[in-house]
Each structure stands twice: as structure tokens, then as C-alpha cells.
Visitor: 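Got a structure here, written out as C-alpha cells. Questions coming.
Basis for what follows: all heavy atoms, side chains included, without hydrogens, waters or symmetry-related copies.
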Amino acid sequence: MEFYGKTFGSRLLLGTALYPSPSVMAEAVRASGAEILTVSLRRESAAERQGQDFWTLIRDTGATVLPNTAGCHSVKEAVTTAEMARELFGTPWIKLEVIGEADTLQPDVFGLVEAARILCADGFEVFPYTTDDLVVAERLLEAGCQVLMPWGAPIGSGRGLNNPYALRSMRAHFPDVPLVVDAGIGLPSHAAAAMELGYDAILLNTAVAKAGDPVRMAEAFAKAIAAGRLGFEADPMEMRDMAAPSTPVLGKALLA
């Protein structure tokens with residue numbers, strides 16, 4: 001799996017919020033095998049820099065950091081947050097979120113495209129959190145994004161894939177673009193289903209962090225994602241409307 005020229009062995013991107021404790025988060029990261037961790041700039045305390053212990057813990061995992069603009073509701077806010085994240089983390093990577101609706105946390109796709117265009121022109125390597133709309137996806141690619149991250153369902157909802165048809169269409173429409181299902185995944189089976197559609201990776205947080213046993217759940221997701229990818233690469237059979245016997249009818253004995 002490759003993002004902006006960097007290659008990774010794991011197809012699971014893991015968030016770092018909501019865990020019962022930092023130690024549980026670190027253990028879950030190890031169990032998941034994730035090589036990319038999303039982090040929010042809001043972890044940093046500007047006054048006393050109380051977030052430094054957290055940053056040390058993240059660095060100790062050896063994972064690549066993908067800062068995000070979580071909680072931003074305008075282009076200006078998202079761009080400013082991205083600029084601050086680049087200075088703090090020393091990376092051009094940014095998971096771009098521009099939220100447009102409070103209840104569903106649905107992306108503001110108009111602001112998202114505008115912010116992506118500004119950031120790409122400034123040298124950022126943008127991972128846009130978007131909907132499954134093909135026209136929006138085209139505009140994001142035209143803006144300079146080389147990765148698309150459509151939602152499966154609203155953030156933190158755990159509903160899985162609300163619109164498999166749209167996700168399948170996006171995969172078919174952009175066969176050479178890295179696609180990551182981001183948000184709404186609640187069960188390992190949801191992640192496996194997305195991978196079976198041909199998606200390159202899954203980004204999740206709440207499903208692991210809020211599980212009764214985050215460490216075991218992280219391991220479960222890692223295995224489900226690997227299984228889903230393997231199933232896709234094995235070229236699965238097509239669904240049929242009628243039954244097809246597994247035992248050949250030819251040569252069957254006839255009773256008088």
C-alpha cells in the first residue's frame with residue numbers, strides 16, 4: 001500500500017483518541033500492527049505543553065503520524081490548523097476535515113475542495129475526509145489530492161457501510177487512486193466488507209477505542225482487514241439469482 005510515495009505493510013490506519021488510558025492505546029496500536037496513526041492538534045496544550053507525554057508515546061510506537069483537522073468547520077480554520085500541525089509534527093501529511101453538519105459530522109464538500117486546493121498548492125499531501133460522491137472526488141483529485149477517504153457512515157456511528165453501491169462505484173471509477181474507507185466502521189466484518197470491495201485501507205478509531213477490550217478488538221480488525229484484502233485479490237465468485245449445485249448432475253444415477 002502506497003501513499004504519496006511511502007509504502008506500508010499494514011492496511012489499517014488507527015486513531016488515537018477516546019482510549020481508556022494512554023497505555024491501552026499504545027498496546028492496541030501494537031496489537032493492530034498499524035503503521036499510520038491519526039492525531040489531533042488539540043492534544044497539544046499551548047500553555048503548559050501537557051500533551052508532550054502523549055507525543056512521546058506516539059513517537060515510541062514508530063508509526064507514521066497523520067495529523068488531522070478534526071473539529072474544523074470552515075476553510076480558514078482547517079487551513080490554519082493544518083499549517084500549525086505541519087510546524088508541530090514536521091510532516092506535510094494532513095487528514096483534512098471540514099465539517100458541514102453538526103449531527104452527522106458530514107463533510108462540507110464545498111469547503112473541503114477549497115481547503116484542499118489551498119493546502120495542495122502550499123505543498124501539503126492531503127488525505128481528504130469526504131463523502132462517496134463521484135463529482136466531489138473528481139474535484140478533490142483536480143485540486144491535487146492523491147488519496148481519497150470516503151465515509152462508510154457518520155463518524156463514530158458504527159453503522160458500517162451505509163451505501164455499498166456508492167463505494168463500489170467509486171472504486172470502479174478511480175481504479176488507480178488509493179481509497180480509504182474513513183468513519184462509521186463498527187465491526188471487523190464491516191472492515192472486511194469494505195476491503196472485499198477493493199478498497200486499499202480502513203481508517204477507524206471509535207470501534208477500537210470504545211470496545212470493551214480495545215487491544216483484542218484492534219487485533220480482530222487487523223485480521224479482518226487482511227482477510228478482506230486477500231478475498232478481494234482471490235477474485236471472488238459472482239452472486240447468482242438461482243442455486244447452482246456443487247455436485248455435478250452429469251452421471252447421476254437414474255432410478256426406474
Visitor: Does M84 CE have over 12 foreign heavy atoms under 6.0 Å away?
Guide: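 Result for CE/M84: open.
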Visitor: Please identify which of these residues, N162, L105, D103, meets the side chain to side chain contact (heavy atoms under 4.5 Å, CB included) condition with P154.
Guide: N162
Visitor: Who passes salt bridge (charged side-chain N to carboxylate O under 4.0 Å, His left out) against K210, sequence neighbours left out?
Guide: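 K210 satisfies salt bridge (charged side-chain N to carboxylate O under 4.0 Å, His left out) with no other residue.
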Visitor: Taking the six-membered ring where the residue is Trp, are the ring centres of F232 and Y199 under 6.0 Å apart?
Guide: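 Between Y199 and F232, which both carry aromatic rings, the centre distance is not below 6.0 Å.
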Visitor: How long is the straight-line distance from CG of L12 back to CE of M195, given to the nearest 0.5 Å?
Guide: 9.5 Å
Visitor: For R171, does the CZ atom sit with more than 12 other heavy atoms under 6.0 Å from it, leaving out its own atoms?
Guide: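 Atom CZ in R171 is crowded, with more than 12 foreign heavy atoms closer than 6.0 Å.
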Visitor: Counting only heavy atoms not in E87 (residues, nucleotides, ligands), do more than 12 fall under 6.0 Å from its CD?
Guide: no
Visitor: Considering non-hydrogen atoms only, spot the tightest contact between G144 and C120 and give its length.
Guide: C-SG, 3.5 Å
Visitor: For F110, I'd like to know if atom CZ has over 12 heavy atoms of other residues, nucleotides or ligands within 6.0 Å.
Guide: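 Check fails, neighbour count at 12 or below.
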Visitor: Does a salt bridge link R240 with E238, judged by any charged N lying under 4.0 Å from a carboxylate O?
Guide: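 Here R240 does not pair with E238 in a salt bridge, since their nearest N and O are not under 4.0 Å apart.
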Visitor: Would E233 and R229 pass as an ion pair if we require N to O under 4.0 Å?
Guide: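 A salt bridge is present here (some side-chain N lies under 4.0 Å from a carboxylate O).
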Visitor: Only one of V65, I36, V126 clears side chain to side chain contact (heavy atoms under 4.5 Å, CB included) with W93; which?
Guide: I36
Visitor: Return the minimal non-hydrogen interatomic distance between A209 and A17, and the atom names on each side.
Guide: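 Smallest interatomic distance, heavy atoms only, reads CB-O, 3.3 Å.
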